[in-house]
Structures are given as C-alpha cells and as structure tokens.
Chemist: 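Can you read through this structure? Questions will come right after.
Heavy-atom basis, side chains included; hydrogens, waters and symmetry copies ignored. Remember, it's 1-based here, ligands and their atoms both numbered in the order they're listed.
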Amino acid sequence: MIYKRSSELFTAAKKVIPGGVNSPVRAFSAVGGEPIFIKEAKGAYLFDEDGNKYIDYINSWGPLILGHAFDPVVNAVVERARKGTSFGTPTQLETTIAELAVSMVPNIDKIRMVNSGTEATMSAVRLARGFKNRDKIIKFAGCYHGHSDSFLIQAGSGAVTFGTPNSPGVTKGTAKDTLLATYNDLENVQDLLNANKGEVACIILEPVAGNMGCIPPKKGFLEGLRNLCDEHDVLLIFDEVMTGFRLAKGGAQEIYGVNADIVCFGKVIGGGLPVGAFASRNEIMDYLAPTGPVYQAGTLSGNPLAMAAGLAMLQELNGDSEIYKRLEEKTAYLHKGINNVLNRNEVAFTINRQGSMISVHFGEEPVTDFESAARSAGNGKFNKFFHGLLDHGIYIAPSAFETWFITDALSYKDLDATIEAVHQVSKEL
Ligand SMILES: *Cc1c(COP(=O)(O)O)cnc(C)c1O
C-alpha cells in the first residue's frame, strides 16, 4: 500500500500540532511508522487520503458499535444542527436521553452528562470523595480512566504505551492519594483497605479491562470487590466508559450481576460525538450541584448535537433485541478463526474476549493483569503483526495494549478476510 499523502499530511500536522496528533495513541509511536490520515468512513470501512480501504477494528476507540456514519445517528445530528447547536439552557432532549439511559442500566436513578470519559471519571471520583469525606482512592495498574491527574498512575492505554505511567505535572500530593492495586487480585485490595482504614473514599476499575488488551475479571473478582466495599464502607465505581452499552444494554453490571455505587459512561453513549456521563442512586447524585455541595459543570454539557447522536444510538441498541447476541457471535467467530490460523502457523498466543471486545497477545501465558499483559507485549511480535495487517487492509489499534472493537457493520465476509490476513501475516511472525 502507498501512504504518500498521509505522510505529507503528517509532516504538515507536526508543524502546528504537538506530535502531529490531538491524542497520543494516534501517532503510531508504539508500533513505529507514521499515522494514516482518514478521509471518510462508512459502515465497517475506513478510507484514507491515499485512497486505501481498511476493515476497521478501532471504530473511534469504541463508540461506533454500529459502524461508521450510521444513518439514524447522522440524520439525528443533521436535523438537530439546523435548529441551533447549543443554547446553554435545559432542553427536553436531555431528559429524554437520561430517561432512556436510566431505563437501560440497572441500579441508577439519575445521570449527569459531561463531554468525555475523562470528565466522567474525574467527576465521579470528586463526588465519591465529597460524599464520603475521604481523600484516598484505589485504582488498578493497567486500568485507564482518562487523563485527569488522580488516574495517571500506572494507567493503561496510551499512558502505558509511552512508558510515562507517572506523567510529569502530576503532583506528589495528588499521587499519594491514589493507591495502586493489581487487577484480579482481591487479597491485594484487602491489604490496601486494611492499611488505610477509614481513609479510602472509593475503588474505581474497568469491570472488564480494555486498556491493557481485553482482560475479563476472574470469577468472583467483582463480587469480592463489592463485598470489600460494603465491609469497609467504600464506594465502588465501575468505569464503564468502554463497556457501557457495549457488553449489554446494562453493561458489566448487568452481565456480572454486581451493582456499583457510581457508573461512568463515555464512547457508545455519545454515538461518536463527545459525550461522557456518570450515574448513581438518588442519594449520591443529589450530592452534586445544584442540589448538593460537590461542584461540577460544563458549558457544552448535554449539548444538543451530542445528545441527539447519543439518543439515536441508545434507541437503536434498546430497540434491537438481537444486537448483543449478534455482536457476541461475530466476535466468537473471529476468535475461533484467528485461533485456528495462529495454531496452524505455530505462533504462541493468547486471545482474550468478552462480548464484542477481543485482544490477541503474543505469548502463551494467560493475560490476567498489567504485568502479564506487559510481558506478552515485550517481544516485538505485535508491531510486525500490526503493520502486516495494515498492509492487508485490516486496521487494528496501533498498540499491544488495546482492544479490538467488533461492530454490527462487520459482515462475515469481512471477518473471513480478516482471518485470512492474520493467516498470511502470522506466517512471518
Ligand atoms: C476511553 C476511556 C476513558 C477516557 O475517555 P475519553 O473520552 O477519552 O476522555 C476512560 N475510561 C475508560 C475505561 C476508557 O476506555
């Protein structure tokens, strides 16, 4: 494939944008080479500035669960834009999407809209700290909760990829209030809670981790966390920015039957526009301004275009009783196909999968936490795999620490083409 135009555009971008990108994971730093500039997309496919076509497994890093330029979402945004793009006043649309979200997700009474997943988790933690009147939080190594200061302590995703888990600019004061635990290790959490009795406001985690590859919780892990939180009077926050409305209508809470105290959303809830949200029971949500003392606000929060896109997306997911089954079947098909060809080519690998999230790791050891994910990423195979797939027109995330997102727009023909490309590429691994 020829990437000439992308290369020229990247050179121009680097002059006026730091590193040429507005979010670091886009820069291909982890895999080498230069990023590809996308011109347009439809359904399962991306088209770049050089005219190349790709089957897309990034899907804007999760939001586009029904594929690119999904007609009901596009139409809703266009129609809405003609009536004004922002008012800074309440609109009926905000209540409509809130009612729908509350009806789809178990265990929440009220939801507050923000503009990104980062804002959602940042606000949720402030609310938890205010509500409990305690400073410390527990997070897990390799879990990514956006880029606010409290979370840039061994975060996953781009923060891992770039080897700066503790970013300069995060103060020691902030870092000391973030306690770090090992994913899937309950005993470790118990020790932290015992050592910091009466000081921990909340435990936050990705209930299915998706920013160190896909790592499902071990049996009993989420239930165990729920029990520990009850025992120590600590709030449990599920960061469902990736898993919300993706694994099921009610996200991981529904699948695992474990209730969180606060749930964070992003990605799918915005249908591809910038939206985040956090939700909880009345007692906790009413502790937010203007009813309560914890402050949180946003000029463009609940923006009409973003709400129109999100509403169209949620209505589609809510109205299609087969959607999550179809996504699961497609992902299982891809899993089986990749499994077969990697075995045939005698490549050591582990595949993790939950719902429409899947990741391929190049090592035989089970990938259950950040340490094991990092070990399997350390052998350089992923970079060859990534560039090989790209040259075959298959676009996966440019980092070994990311999940592939399956969308309903993918056909079985697309999945077969992907499996064939994996077969060709893995001969060389
Ligand atoms: C993407 C992501 C975030 C951050 O969301 P942004 O919209 O990028 O700020 C937070 N938590 C999880 C689990 C995510 O996957």
Chemist: Under 4.0 angstrom from ligand 1, any heavy atom of E240?
Modeler: no
Chemist: Just how far is it from atom CD1 of I358 to atom CD1 of I406, taken to the nearest 0.5 Å?
Modeler: 6.0 Å
Chemist: So, are E119 and R112 salt-bridged, with charged N and O less than 4.0 Å apart?
Modeler: no
Chemist: For the pair K249 and E254, find out whether any cationic side-chain nitrogen is under 4.0 Å from an anionic carboxylate oxygen.
Modeler: no
Chemist: List ligand 1 atoms under 4.0 Å from S116, heavy atoms only on the residue side.
Modeler: 7 (O), 9 (O)
Chemist: Between K176 and D135, does any NZ, NE, NH1 or NH2 come within less than 4.0 Å of an OD or OE carboxylate oxygen?
Modeler: no
Chemist: Check ligand 1 against D239 and write out every atom of the ligand that is under 4.0 Å from a heavy-atom position of the residue.
Modeler: 10 (C), 11 (N), 12 (C), 13 (C)
Chemist: I'd like to know whether the aromatic ring centres of F401 and F382 sit less than 6.0 Å apart in this structure.
Modeler: no
Chemist: Distance under 4.0 Å to a non-hydrogen atom of G146: what atoms of ligand 1 satisfy this?
Modeler: 3 (C), 4 (C), 10 (C)
Chemist: Please report which non-hydrogen protein atom sits nearest to atom 7 (O) of ligand 1, along with the residue it belongs to and the distance in Å to one decimal place.
Modeler: G117 N, 2.8 Å
Chemist: Any salt bridge linking D48 with K53? Criterion: basic side-chain nitrogen under 4.0 Å from a carboxylate oxygen.
Modeler: no
Chemist: Which heavy atom of the protein is the closest neighbour of atom 3 (C) of ligand 1, given with residue, atom name and distance?
Modeler: V241 CG1, 3.7 Å
Chemist: Among E119, H147, M242, K267, which one puts a heavy atom closest to atom 1 (C) of ligand 1?
Modeler: K267
Chemist: With the threshold set at 4.0 Å, does a side-chain nitrogen-carboxylate oxygen contact exist between R134 and E199?
Modeler: no
Chemist: Only heavy atoms of E206, strictly under 4.0 Å: list the atoms of ligand 1 that pass.
Modeler: 13 (C)
Chemist: Atom 9 (O) of ligand 1: which protein heavy atom is closest, and how many Å away?
Modeler: T118 OG1, 2.6 Å
Chemist: So, is N211 polar-close to ligand 1, with some N/O to N/O distance under 3.5 Å?
Modeler: yes
